Structures are given as structure tokens and as C-alpha cells.
There are 2 protein chains.
Amino acid sequence: MINPSVSIEDYLGAIYRLQRKDGQPLPLGDLQEHFGFSPISIHEMVQKLVQRGLAVYIPYKGVLLTLTGSTTAEALIRRHRIWECFLSNELAVPIDEAHQLAGDLEHAAPDWITERLFNHLGQPSFCPHGSAIDELTSTPVGISIANGQAGRTYVISCISPENSNSLQIAREAGILPGSSLTIIEKKNGNIEIEINDQKKQLSEDDLAYFWGMDMTDGS
Amino acid sequence: MINPSVSIEDYLGAIYRLQRKDGQPLPLGDLQEHFGFSPISIHEMVQKLVQRGLAVYIPYKGVLLTLTGSTTAEALIRRHRIWECFLSNELAVPIDEAHQLAGDLEHAAPDWITERLFNHLGQPSFCPHGSAIDELTSTPVGISIANGQAGRTYVISCISPENSNSLQIAREAGILPGSSLTIIEKKNGNIEIEINDQKKQLSEDDLAYFWGMDMTDGS
DNA sequence: ACAAATGATAAGGCATGCCTTATCATTTGT
DNA sequence: ACAAATGATAAGGCATGCCTTATCATTTGT
């Protein structure tokens with residue numbers, strides 16, 4: 001409790017990231033999908049969070065973080081994003097690998113070290129995939145590219161939600177915050193885009209991870 | 001084995017650092033003193049190293065690392081020292097805290113990341129307490145200050161062996177590699193020194209951790 | 001409204017890395 | 001050479017975070 005274990009921290013982070021903005025409890029099924037553990041293991045760990053006063057569990061509904069849980073999760077995610085900045089900006093690690101490694105480093109480095117790192121990095125505002133470091137709960141800027149219109153060009157603001165899958169897709173497609181992305185054509189679940197002067201086909205589901213602002217002239 | 005656990009790595013590192021240069025086995029008592037675990041736990045873990053082909057155990061004598069064990073330990077210690085450089089040089093973390101934190105980070109970051117960090121840092125030759133990064137087995141330069149002579153001035157080359165105790169003493173006394181240290185007087189186990197224009201009293205045992213070269217004029 | 005789907009929970013298991021207690025073997029000092 | 005000190009090892013325990021199997025409760029869709 002005083003020192004949450006790595007597992008406890010991972011659960012806190014997952015709940016924080018997966019939670020609904022409307023304050024509704026997060027179904028355990030969502031956590032199960034996220035971690036790939038058995039429902040019983042998820043249930044056990046949630047009970048531990050409850051015991052430690054980090055979460056509240058409403059049977060048949062889901063989990064909610066308490067204020068303590070939420071605060072702890074925020075500190076964790078802040079550490080996570082600062083490490084991502086370091087790995088990406090200073091060591092040129094691709095964003096999907098940076099995300100994964102930050103998941104280990106965030107547990108190893110205490111807050112005060114991470115704050116020094118934050119200053120060392122020049123107090124960046126955003127992590128490499130575009131999430132804000134100081135306003136964790138801010139919603140993505142613009143619209144999801146899956147909802148974009150053919151013929152329009154969008155400047156990517158962020159990749160959200162941040163997970164191994166979305167960041168791997170981003171790396172493979174070469175789409176980063178700041179990239180200009182043009183929608184060429186949409187047809188039955190697939191979208192043809194132009195990015196970095198290259199034409200690509202991506203599924204609507206994959207493009208839902210990308211958020212951006214319409215930068216087409218006159219719009 | 002393919003992925004040694006944190007504990008296994010810690011044992012490898014400890015054995016490598018504590019091992020005799022003459023190739024004699026390291027008594028388990030030394031490991032016990034280092035970790036503060038029970039003799040049985042030490043014995044159990046050593047058996048695990050043996051099972052994994054990382055060490056050889058000679059009953060009533062001690063442990064020896066195999067080639068694999070030695071190589072793995074060297075990679076670990078190299079990672080350790082590179083992280084120490086980062087924490088000390090870039091984030092201005094005191095060397096004793098850097099040592100401790102590096103003990104966590106070394107397990108979290110894989111070799112390839114650490115190599116990028118090494119390059120990012122400008123391929124430093126020495127870690128903050130003066131141990132070589134590329135020649136792990138090199139013996140300290142000069143003599144141990146505990147064996148120094150009154151009236152002589154030494155430039156500190158390194159603090160060895162590197163452990164929480166020695167590095168904490170170094171930080172508290174303000175002694176770092178590169179520091180000039182003058183021995184004022186030696187009397188019954190205590191040594192009076194001048195460092196950074198300040199006079200201090202340290203025990204012979206504590207000063208044994210510091211190594212340096214005699215820089216007195218004309219010597 | 002009721003069956004089917006989903007969720008909760010009890011019981012028991014496993015690996016890891018620690019622990020204590022107790023017994024037996026070897027080495028060491030005088 | 002023999003007692004005392006040290007080391008080895010067996011047996012059993014504990015917390016953590018996973019697992020499977022099985023049973024019971026609630027919610028959901030039609």
C-alpha cells in the first residue's frame with residue numbers, strides 16, 4: 001500500500017486508462033481483455049486494490065478508482081510519459097517500443113528522479129504519441145480519423161488509446177503526431193490514405209486510433 | 001535462463017563483484033553478508049544458478065561463475081555503470097543514490113537500450129565512482145588511501161568496492177573521483193584528511209574504499 | 001418471463017524467492 | 001586428534017500473482 005507492487009501499479013494504470021469519462025464503473029471484462037489474464041486473476045487483483053483503498057468494486061458492474069487510486073495512477077502515467085519522451089527524444093526509440101519499455105522503467109524510477117528527467121528534457125508538454133503530460137485526462141484534439149472525410153487532410157494530434165496495438169500500427173504506418181494525413185477514399189471498412197507521400201490502406205478500426213484536425217484549405 | 005529473473009541477475013552481479021581475482025571460489029558467507037538473507041536462501045539461489053549453468057558450486061568452498069554466468073554478469077554490470085553515468089551526469093543524482101537506482105534500472109532496460117544510452121552519453125570511460133565501463137575487471141589505479149602516508153596528497157581515481165556503504169561514505173565526505181585528498185595525520189585506526197579545503201576524520205576502514213595516485217610534488 | 005450469457009466466488013494448485021527449525025557433515029583451531 | 005565452529009541440507013511455511021475446475025448468482029435478450 002505504502003509501496004504498491006508492480007502488479008498493483010499495472011492494474012491502477014490500466015483502470016485509469018480504460019475508465020469511462022462518464023464515471024461509470026469499468027467492467028472487469030475490459031481489464032481481462034487488456035491483460036489477457038483469467039477472470040479469476042483479474043477479480044483477485046481488483047479485490048486487492050479494494051483492500052488497499054485504491055478502488056471500489058461494484059459486483060456485476062465494475063471497478064472505480066478512489067481518489068487515492070486515481071492520484072497514484074496519475075503519478076504512474078506521468079512517469080510513463082516522461083520516460084517515453086526520454087526514450088523517443090533522446091534515444092530515438094520507436095514509439096511502440098518506447099511505450100513498452102516505459103512500462104518497465106516507470107516502476108523502477110521514483111517520482112523525484114522522473115521529475116529531474118522531466119526538467120532535463122525541457123519539460124515537454126506531450127509524450128511521443130501526443131498525449132499531454134500535465135493534463136492526463138484531456139481528450140484528444142480533433143476527430144478520430146476513422147470518422148474523417150475523403151479528400152480532407154488532417155494533422156495528427158495524437159494516438160489514443162495508447163497501447164501496444166495502436167502504437168505498433170502507428171510505427172508500421174509511419175504516422176506520428178504532427179504528420180499530415182490525407183484521406184483518399186473510404187470503402188467498406190477500409191480507408192485509403194496518403195501519408196508521407198505514400199498511399200496506404202488501413203482498416204477503419206486501426207484508423208480510429210488516430211486523432212487529428214482538419215487542415216484542408218478553407219475549412 | 002533465457003531471461004534470468006531479477007533475483008538471479010542480482011546474485012550474478014554480486015558474485016562477480018565479490019569474487020576473488022585469484023580464481024578461488026566465493027564463500028556463500030560473503031554472499032550472505034552482502035544480501036543479508038538467510039544462509040539457506042543463499043544456498044537455494046546458488047543452486048538455481050548452478051541448475052541454469054551460470055555457476056559451479058563446490059561444497060564447503062564456494063561458488064564460481066561459469067563462462068556464461070560471467071558474461072551475463074558483465075553485461076549487467078556494464079548496464080549498471082551506464083545508468084549510473086546517466087543519473088549522475090545528466091540528472092545530477094548523488095553517486096550513492098545513483099548506484100541504488102541503477103540497481104533497478106539495469107533490470108528494466110535491455111542491452112540495446114543501454115547501448116543507445118551509452119552513445120548518447122558520449123561513450124563515457126568511467127562510471128561516477130571511477131570504475132571503468134569497458135574494462136570491468138581492471139584493478140583500481142594507485143593505492144588505497146588507507147595505506148597512504150601522512151603529508152601526501154592523492155588524486156582519487158575510484159571508490160572500490162562499489163556498494164551502498166562505500167558510496168554513502170563518499171557522498172557524505174564529499175570525495176569523488178578527481179578530488180584531491182591530503183592525509184594530515186594517521187593515528188590508531190583513524191586518519192585525518194583534508195578534502196575540498198576541509199579537514200575531516202575518517203576511519204581507516206572507510207578510507208580503504210578510496211583509491212588514488214600520489215600527486216605530491218616531486219614524488 | 002425465462003433461458004442463455006455473463007459475472008462472482010470457492011477450492012485447490014503452481015513457481016518464485018524469501019523464511020525458521022532441526023539435523024547431519026566437514027573443516028578449523030589448538 | 002578432537003571439540004567447536006562452520007557449512008550443507010531436509011522439511012515445512014509464507015506472500016505474491018498467476019492458473020483451472022466447478023458451482024452459484026445476476027443480468028440480458030427475446
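Keep in mind that this is a model prediction, so the values were computed, not measured. Proteins get letters first, then strands, A, B, ... in listed order; numbering begins at 1 in each.
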[N] phosphate, OP1 or OP2, under 4.0 Å from [X] side-chain N/O:
X: Tyr60(A); N: dC24(D); value: no
X: Ser7(B); N: dC18(C); value: yes
X: Ser38(A); N: dC18(D); value: no

In whole angstroms, how far is the [atom2] atom of [N] from the [atom1] atom of [X]?
X: His107(B); N: dT16(C); atom1: NE2; atom2: P; value: 17 Å
X: Ile8(A); N: dG17(D); atom1: CD1; atom2: P; value: 6 Å
X: Arg52(B); N: dG17(C); atom1: CZ; atom2: P; value: 7 Å
X: Met45(B); N: dA15(C); atom1: CE; atom2: P; value: 16 Å
X: Phe37(A); N: dG7(C); atom1: CZ; atom2: P; value: 18 Å
X: Ile42(A); N: dC19(D); atom1: CD1; atom2: P; value: 8 Å
X: Leu31(B); N: dG17(C); atom1: CG; atom2: C1'; value: 15 Å
X: Gln51(A); N: dG17(D); atom1: CD; atom2: P; value: 11 Å

Flag the pair Lys200(B) and Asp206(B) as a salt bridge only when some basic side-chain nitrogen lies within less than 4.0 angstrom of an acidic carboxylate oxygen.
no
Closest of dG17(D), dG17(C), dT27(D) to the Lys48(B) side chain is dG17(C)
If you check every side-chain atom of Ser41(B), which of dC19(C), dC18(D), dG17(C) has the closest atom?
dC19(C)
So does Glu33(A) have more than 12 non-hydrogen atoms from other groups sitting under 6.0 Å from CD?
no
Under 4.0 Å, counting only non-hydrogen atoms across every strand here, what does Phe35(A) touch: a base, just sugar-phosphate, or nothing?
nothing
Of the options His107(A), His129(A), His99(A), which is the one that meets His80(A) in a ring pair (Phe, Tyr, Trp, His ring centres under 6.0 Å)?
His99(A)
Dot-bracket for DNA chain C, 5' to 3', Watson-Crick and G-U pairs with both distances under 3.5 Å, [ ] for crossing pairs, | for partner on another strand, reads ||||||||||||||||||||||||||||||
Looking only at side-chain N and O atoms, does Glu172(A) offer a donor or acceptor that is under 3.5 Å from a partner on Gln168(A)?
yes
Out of the candidates Glu115(A), Glu84(A), Glu9(A), only one should pair with Arg79(A) under the side chain to side chain donor-acceptor pair (under 3.5 Å) rule; please name it.
Glu9(A)
Could you check if a side-chain atom of Pro161(B) sits within less than 4.5 angstrom of a side-chain atom of Leu18(B), using non-hydrogen atoms only?
no
Less than 4.5 Å apart, any side-chain heavy atom of Leu176(B) and any of Ile156(B)?
no
Between the protein and nucleotides 9-14 of chain D, are there any N/O to N/O pairs under 3.5 Å, and if so, what are the atom names and distances?
residue : atom : partner  : partner atom : Å
dT9(D)  : OP2  : His43(B) : NE2          : 2.8

Excluding sequence neighbours, so at least two apart, what forms salt bridge (charged side-chain N to carboxylate O under 4.0 Å, His left out) with Asp205(B)?
none
For the pair Phe86(B) and Phe86(A), name the ring-plane relationship: parallel under 30°, tilted 30 to 60°, perpendicular over 60°.
tilted
